[in-house]
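A short write-up of the structure that comes next.
Numbered from 1 within each chain, the chains take letters A, B, ... in sequence-line order.
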Number of protein chains: 2
Amino acid sequence: MSTVKTEHADWEKAVEFHGHSCPGLATGFKVSKIALKELETIRPSDEEIIAIVENDSCGVDAVQVIAGCSIGKGNLIYRDYGKQVYTFACRESGRAVRIAVKKPGGRNERQGTEERIKQILALPAEDFCEVRHVNIDLPSRARIFPSHPCAECGEWVMEPRARVKGGKIVCIPCAENYGRGW
Amino acid sequence: MSTVKTEHADWEKAVEFHGHSCPGLATGFKVSKIALKELETIRPSDEEIIAIVENDSCGVDAVQVIAGCSIGKGNLIYRDYGKQVYTFACRESGRAVRIAVKKPGGRNERQGTEERIKQILALPAEDFCEVRHVNIDLPSRARIFPSHPCAECGEWVMEPRARVKGGKIVCIPCAENYGRGW
């Protein structure tokens with residue numbers, strides 16, 4: 001399959017996951033493709049790559065699909081900075097790359113949506129973003145913990161989030177306000 | 001396509017997105033299927049359904065794929081309670097359903113992984129979880145805001161996350177520690 005065809009198939013996958021096509025998704029798609037190329041790696045099956053995203057806009061869905069960094073795998077770290085900045089790191093090589101989009105794409109552009117999407121996808125990388133290879137401390141891998149039933153509601157709670165009330169294990173919602181005010 | 005074939009194709013989609021198959025993914029898959037059935041709706045193209053997930057484990061990736069509630073669309077709300085509890089609401093009908101998994105599936109079971117996945121997917125809903133129709137206040141839809149270049153680093157920041165320093169617009173990392181200590 002040619003690179004163009006692969007790109008197209010991958011874009012379709014991102015659109016299917018996100019539910020629709022938009023300039024924000026195109027931004028995250030392009031960022032992810034640049035990151036994988038810069039890190040000389042491919043989409044991981046587990047947590048081999050981590051992404052630190054500084055926004056929670058549409059582009060993050062493309063990061064999940066294309067770079068394989070997702071909330072459920074624990075290798076997508078969200079920082080609420082409202083910035084179109086994405087840092088990717090590869091656990092094996094220890095290499096990391098920080099990608100800052102030069103001018104975020106949005107629906108508030110004068111262009112039509114389709115025109116804007118095509119423009120983003122076609123932009124040369126150097127016009128689209130600033131790429132810097134950086135050093136970062138890699139976060140630990142996601143862990144699995146045992147669960148316990150909450151003594152109040154009976155629902156199961158993962159041990160590190162369990163609380164204690166009257167000597168019994170409870171969940172956070174059942175522990176709410178316990179020990180705060182009278 | 002028969003229901004069994006659809007189920008199988010959807011499961012394959014979830015596995016492809018997550019990067020691998022595991023009991024946690026099967027849990028989120030089953031939860032999402034039950035939710036869509038209970039709400040009598042289908043996977044949305046935008047934010048028509050919202051999900052409130054009380055964990056960030058593997059199952060959340062299935063919620064993103066199957067129920068179409070994702071971090072990038074703004075219709076996935078994460079509460080860090082460590083509970084296998086998922087609430088889904090439909091904006092159009094106003095209906096909401098809360099699904100609490102009875103005993104979370106995990107890698108720490110004595111069964112083999114494949115056996116555990118099959119068991120979860122085959123369990124009758126009533127043995128797998130508790131389903132309650134509930135009333136919830138729906139969060140606002142995601143909004144798009146203008147961005148400004150940060151006066152210090154030059155990177156763009158979304159207006160609601162912008163800070164002010166020396167009368168100029170800056171981003172959160174550049175504003176860090178400004179006004180805290182001397």
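The structure places SG of A:C22 at 7.0 Å from CD1 of B:I144, a figure rounded to the nearest 0.5 Å. Here the straight-line distance linking atom CZ of A:F17 with atom NZ of B:K73 works out to 8.0 Å at 0.5 Å rounding. Rounding to the nearest 0.5 Å gives a distance of 8.0 Å between NE2 of A:H20 and CD of B:E47. Between A:R161 atom CZ and B:R79 atom CZ the span is 15.5 Å, to the nearest 0.5 Å.
Within the 4.5 angstrom heavy-atom criterion, no atom of B:C150 approaches chain A. Of the two parts of A:E159, neither the backbone nor the side chain holds a non-hydrogen atom closer than 4.5 Å to a non-hydrogen atom of chain B. With a threshold of 4.5 angstrom between heavy atoms, B:R163 does not approach chain A through any atom at all. With a threshold of 4.5 angstrom between heavy atoms, B:D80 approaches chain A through its backbone and through its side chain. In this structure, the portion of B:L76 lying under 4.5 Å from any heavy atom of chain A is its side chain and not its backbone.
Between B:P173 and A:K83, some side-chain heavy-atom pair lies under the 4.5 Å cut-off. The shortest side-chain heavy-atom distance between B:V85 and A:E155 falls under the 4.5 Å cut-off. Here the side chains of B:I71 and A:Q64 are in contact, with some heavy-atom distance below 4.5 Å.
Looking at B:D56, B:D61, B:V60 one by one, the single match for side chain to side chain contact (heavy atoms under 4.5 Å, CB included) with A:S70 turns out to be B:D61.
Highest contact tally toward chain A, considering only B:P160, B:G68, B:C171, is held by B:C171 [criterion: heavy-atom pairs under 4.5 Å]. Interface check for chain A: of the options B:A100, B:G72, B:G19, the most heavy-atom pairs under 4.5 Å are formed by B:G72.
Counting heavy atoms of neighbouring residues, nucleotides and ligands inside a 6.0 Å radius, atom CD1 of A:I42 does not exceed 12 of them.
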